[in-house]
Amino acid sequence: MSLRYLDRVVVVTGGSKGIGRGIVKAFVENGAKVVFCARGGGCAAGEALEAELNKAGPGSCRFVTCDVSKEDDIKRLIAATVERHGHIDCLVNNAGWHPPHKATDDTSAQEFRDLLDLNLVSYFLASKHALPFLRRRQGNIINVSSLVGTIGQKDAAPYVATKGAIISMTKAMAVDESRHNVRVNCISPGNVLTPLWEELAGQTADAAAAIKAGEECQLLGRMGTEAECGWAALYLAADATFCTGIDLLLSGGAELNYGTKSPVPP
């Protein structure tokens, strides 16, 4: 089978673990040259993934430390990519965090602002600084949102707000960048078994029960995988050449069918 993104240059934020790791792997396995990043705490995982994937090929990757909540770090990430490879074909905005579930009454304004900077403003800034290079290549941007940005989620108003805004920003940016033939699309995963999902489950009284409940939310009866997220991103970059402004639900059918929702427990 031919490599689907051979010698294309891809930037992936938050690529050292979870969904980002699956995306980095999918592109490297299809011949791309990937520059991916994580914050300081993800350095060991990022360096290990870099070594693993460069050994396996056929593409290559480079790990860079970057705190995407800081604009100067984002500028350095883009500059390092262009210095290394000369251009950029695809930007995948993935870095973000889901805080532990917390009621609105217990959430401070500063907590909300910090999450906006990490989950949303970083996507805008990475896009802004990559776009001059993407326009030259008629490249594309892929934003990773979440199914809950469309359907909502209990005790997660700030997180849901950031993810809903990503979907809306994707559509607006797709309109603006169409004049440059730059496509802008979005992926909205549902429950995907990632280290973050396992961490959040571990904060409940019964982690195994929490994971089982997460599996049962999908019509397909399981959670998604990191690899499936990677394949979705690769599809949007390599194959979906007549798609822009779309929100691809990667959800196993979690949003389908009626279910008991009332009364909502306190």
Side-chain angles (χ1 to χ4, degrees), residues 1-15 18-36 58-59 61 81 85 87-96 123-124 126-128 130-151 163-190 192 218 220 224-256:
M1 184 180 294
S2 62
L3 300 177
R4 292 162 60 193
Y5 223 54
L6 181 63
D7 292 332
R8 301 289 183 89
V9 177
V10 183
V11 177
V12 181
T13 67
I19 288 172
R21 176 171 55 195
I23 291 170
V24 172
K25 283 185 175 182
F27 278 108
V28 172
E29 289 169 355
N30 279 272
K33 301 172 182 177
V34 180
V35 177
F36 70 102
C61 63
T81 303
H85 296 297
H87 61 269
I88 302 174
D89 295 289
C90 177
L91 167 67
V92 182
N93 285 310
N94 168 73
Y123 281 36
F124 173 80
S127 299
K128 174 182 176 178
L131 273 168
F133 304 101
L134 292 169
R135 289 165 183 158
R136 297 172 194 170
R137 302 282 293 184
Q138 296 186 3
N140 70 102
I141 296 171
I142 300 166
N143 294 320
V144 178
S145 179
S146 169
L147 177 62
V148 302
T150 298
I151 68 173
K163 291 302 181 177
I166 287 167
I167 297 168
S168 297
M169 185 173 69
T170 295
K171 296 178 185 296
M173 201 169 284
V175 173
D176 291 343
E177 294 308 314
S178 62
R179 73 196 74 175
H180 302 291
N181 288 313
V182 172
R183 297 181 297 111
V184 187
N185 292 300
C186 183
I187 299 170
S188 285
V192 176
Q218 285 70 235
L220 298 183
T225 66
E226 295 177 10
E228 287 170 320
C229 294
W231 299 335
L234 181 65
Y235 164 73
L236 288 176
D239 306 318
T241 53
F242 198 52
C243 292
T244 194
I246 70 166
D247 178 23
L248 177 61
L249 300 184
L250 192 68
S251 63
E255 73 282 4
L256 301 177

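For reference, positions follow the sequence shown, starting with 1.
- Evaluation of the side-chain contact (heavy atoms from CB on, under 4.5 Å) rule for Thr225 yields Arg222, Ala227, Glu228 as partners, not counting sequence neighbours.
- Under the side chain to side chain donor-acceptor pair (under 3.5 Å) criterion, Asp239 pairs with Arg4, not counting sequence neighbours.
- Between the side chain of Ser178 and the backbone N or O of Val175, at least one donor-acceptor pair lies under 3.5 Å.
- His180 is linked by a side chain to side chain donor-acceptor pair (under 3.5 Å) to nothing, counting only residues two or more places apart in sequence or in another chain.
- Residues Val10 and Ile23 have side chains not in contact (no heavy-atom distance under 4.5 Å, counting atoms from C-beta outward).
- The main-chain N or O of Val9 is found under 3.5 Å from a side-chain atom of Asp89 such that the two form a donor-acceptor pair.
- Thr13 and Asn94 make their closest contact through OG1-N, 2.9 Å (heavy atoms, listed as atom of the first residue, atom of the second, distance).
- Judged as a salt bridge (Lys or Arg N to Asp or Glu O under 4.0 Å), and not counting sequence neighbours, the contacts of Glu177 are Arg135.
- Taking Arg136 as the reference, Phe133 meet the side-chain contact (heavy atoms from CB on, under 4.5 Å) condition, with sequence neighbours excluded.
- The distance from atom OG1 of Thr241 to atom OH of Tyr235, rounded to the nearest 0.5 Å, is 8.5 Å.
- Distance CG/Asn30 to CH2/Trp231: 11.0 Å, rounded to 0.5 Å.
- The structure places NZ of Lys128 at 10.5 Å from CE of Met173, a figure rounded to the nearest 0.5 Å.
- The minimum heavy-atom distance between Pro58 and Leu3, with the atom names listed, is CG-CD1, 3.7 Å.
- For the atom pair CZ of Arg137 and CG of Asn181, the computed distance is 14.0 Å after rounding to the nearest 0.5 Å.
- The heavy-atom pair separating Pro189 from Ile19 by the smallest distance is CG-CD1, 3.9 Å.
- The minimum heavy-atom distance linking Val12 with Gly20 is given by the pair CG1-O, 4.2 Å.
- In this view, Lys163 satisfies the salt bridge (Lys or Arg N to Asp or Glu O under 4.0 Å) rule with no residue, not counting sequence neighbours.
- Every residue meeting the side-chain contact (heavy atoms from CB on, under 4.5 Å) condition with Ala232, not counting sequence neighbours, appears here in chain and number order: Ile187, Leu248, Leu250.
- Heavy-atom minimum distance, Cys186 versus Ile166: SG-CG2, 4.3 Å.
- Sorted by first then second residue, the side-chain hydrogen bond (donor to acceptor under 3.5 Å, both in side chains) pairs that include residues 138-147, not counting sequence neighbours, are Tyr5-Asn140, Asn93-Asn143, Asn143-Thr170.
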Point to revise | Intermediate values then yes/no, side chain to side chain contact (heavy atoms under 4.5 Å, CB included), Asp176 and Val184 | key: CA-CA 10 Å; Asp176 291 343; Val184 187; over 6 Å; no

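- Residues forming a salt bridge (Lys or Arg N to Asp or Glu O under 4.0 Å) with Asp7 (at least two apart in sequence, or on another chain): none.
- Residues meeting the side chain to side chain donor-acceptor pair (under 3.5 Å) test with Arg183, sequence neighbours left out: none.
- In this structure, the side chains of His85 and Val35 come closer than 4.5 Å at one or more pairs of heavy atoms.
- Note that CG of Asn185 is 9.0 Å distant from NZ of Lys171, once rounded to the nearest 0.5 Å.
- The structure places CG of Leu134 at 5.5 Å from CD1 of Ile141, a figure rounded to the nearest 0.5 Å.
- Among pairs with a residue in residues 243-253, those fulfilling side-chain hydrogen bond (donor to acceptor under 3.5 Å, both in side chains) read Ser188-Asp247, Ser251-Glu255, at least two apart in sequence or across chains.
- Across every non-hydrogen atom of Phe27 and Cys90, the tightest pair is CZ-SG, 4.4 Å.
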